[in-house]
2 protein chains.
Amino acid sequence: MRDRELLLLGILMAHSQHGYQINEFIEMNLSRVTDMKKPTAYATLDRLAAQGFVEVRSEQAGNRPVRKVYSITSQGTEYFQSLLKENLMSGDKMQFSSDIGLMFLDHLSPDDAAAFLEERLQALNHDIARHEKAPPHGFGLGVDLAMDHHLVHLKLDRDWLGQVIENLRQRSTENSTSSRSRGDLANTDRSH
Amino acid sequence: MRDRELLLLGILMAHSQHGYQINEFIEMNLSRVTDMKKPTAYATLDRLAAQGFVEVRSEQAGNRPVRKVYSITSQGTEYFQSLLKENLMSGDKMQFSSDIGLMFLDHLSPDDAAAFLEERLQALNHDIARHEKAPPHGFGLGVDLAMDHHLVHLKLDRDWLGQVIENLRQRSTENSTSSRSRGDLANTDRSH
DNA sequence: GTATGATTAATCAACTTTGATCAATTTATA
DNA sequence: TATAAATTGATCAAAGTTGATTAATCATAC
């Protein structure tokens with residue numbers, strides 16, 4: 001919620017825009033950073049307007065539906081600065097929804113687990129490829145930084161997943177030859 | 001929402017429990033994995049009950065408020081398996097709320113930016129220390145895996161942040177001596 | 001013995017988020 | 001040119017989420 005506000009104010013810091021424009025921009029360029037949907041953006045912008053952080057004026061081009069053009073106010077700029085500071089100072093909550101699945105890995109055979117994770121690894125590799133192929137955005141330096149941040153985490157996940165799958169596979173063959181040597185799955189001692 | 005269900009069903013796979021117990025467990029042990037709050041858990045459990053995936057029976061110990069004891073049904077077990085598969089196959093959305101802040105780094109002086117991020121790095125280091133000091137949970141292997149997954153990402157973030165701060169600091173002194181040599185902040189070429 | 005605070009247990013009202021939809025307009029297609 | 005399809009622009013009802021609260025019990029100390 002706080003982050004939604006930061007994102008929208010940050011976008012408006014560049015220049016005033018109408019709702020459709022903003023949402024377009026988010027969908028096209030910022031899907032890696034946020035999953036905010038249109039109605040949420042409108043709702044958040046309205047809230048920001050009610051608090052005096054953005055101004056709205058209705059505009060009509062031709063006889064298309066009225067567009068709402070949002071501009072950041074000077075109080076909004078201050079608020080933006082404070083949100084930005086807060087965001088930079090306190091890090092992510094760092095929650096991976098995939099950790100929920102991992103927690104229950106014991107309910108699966110190592111074979112099945114490995115197969116499912118292999119699928120995910122494939123998808124991850126595609127995502128990394130897309131990411132690396134994409135040209136630098138051209139919006140400031142910060143955006144490039146954020147993209148790099150995202151990318152290094154994707155790559156870590158790829159490597160980590162690879163190791164886990166390897167271990168699962170080993171575990172599976174060990175199990176079938178029934179030679180029980182302690183091949184601990186966790187604590188792969190990737191001592192960083 | 002899907003993940004909430006997976007989490008709750010997974011917990012019930014171990015054994016039947018009442019609501020308070022479940023929420024207690026989540027707060028105490030799973031804060032790294034989820035931020036689901038009590039009312040959401042109750043709501044989700046009710047939804048699962050309505051769909052026949054869990055059974056609820058009211059229990060009264062002494063004359064304390066009635067407790068609702070939840071058990072997973074056989075259909076629930078099937079559903080759990082499908083959710084687990086889905087979770088393992090399709091990875092995270094991988095969104096870092098901190099990326100939103102990073103995107104707007106250009107609105108700050110390199111000095112301020114570095115100072116704010118330094119603060120965050122500090123917090124990160126504390127978190128990593130806490131994480132490493134904590135004894136292995138003792139719940140199955142999967143839980144340890146999830147914890148390790150979390151940890152490696154924290155460490156990556158620490159290292160990455162360190163580099164960014166270093167670059168910002170360099171940028172700042174470069175700027176004050178006004179010798180403009182291209183010290184690109186992004187693309188630090190951490191070629192993995 | 002009784003005021004004080006912690007624990008057990010769950011719910012509600014308020015807020016946030018989104019899938020679905022609407023309605024006009026422009027572009028493509030037959 | 002008539003018609004389907006895509007785009008522009010935004011809203012609403014429904015669903016998900018949570019801070020605050022209720023209410024009883026147990027522990028503690030005064």
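Just the heavy atoms: all of them, side chains too, but no hydrogens, waters or symmetry mates, feed the values below. Throughout, a chain's letter reflects where its sequence line sits, starting with A, and its residues are numbered from 1.
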Presence of [X] side-chain N/O under 4.0 Å of [N] phosphate oxygens OP1/OP2:
X       : N      : result
B:Lys38 : D:dA20 : no
A:Thr40 : C:dT18 : yes
A:Tyr20 : D:dT8  : yes
B:Arg4  : D:dT17 : yes
B:Tyr42 : C:dA10 : yes

Find the distance [X]:[atom1] to [N]:[atom2] and express it as a whole number of Å.
X       : N      : atom1 : atom2 : answer
A:Glu24 : D:dT7  : CD    : P     : 9 Å
A:Asp35 : C:dG19 : CG    : P     : 10 Å
A:Asp3  : C:dT17 : CG    : C1'   : 15 Å
B:Glu27 : C:dA9  : CD    : P     : 13 Å
A:Leu8  : C:dT16 : CG    : P     : 13 Å
B:Lys93 : C:dT17 : NZ    : C1'   : 13 Å
A:Asp46 : C:dC15 : CG    : P     : 15 Å
B:Leu45 : C:dT11 : CG    : P     : 11 Å

Next item on the list: May I ask you to decide whether A:Asp35 forms a salt bridge with A:Arg4, counting only side-chain N to carboxylate O separations under 4.0 Å?
Entry: yes

Notebook entry, point to check: Taking the six-membered ring for Trp, are A:His18 and A:Tyr70 ring centroids under 6.0 Å apart?
Noted result: no

Item checked: Nearest non-hydrogen partners of A:Trp160 and A:Leu102, listed with the distance -> CH2-CD1, 3.7 Å

Check: How do B:Pro39 and B:His18 order along DNA chain C: which one's closest nucleotide is nearer the 5' end?
Finding: B:His18

Check: Between B:Val66 and A:Met1, which is nearer to the 5' end of DNA chain C once each is assigned its nearest nucleotide?
Finding: B:Val66

Margin query: For the residue pair A:His131 / A:His150, report whether a side-chain donor-acceptor contact shorter than 3.5 Å exists.
Written below: no

Notebook entry, point to check: Got a sec: does the CE of A:Met28 have more than 12 other heavy atoms crowding it under 6.0 Å?
Noted result: no

Next item on the list: Check every strand shown and say whether B:Arg2 touches a base, only sugar-phosphate, or nothing at a heavy-atom separation below 4.0 Å.
Entry: nothing

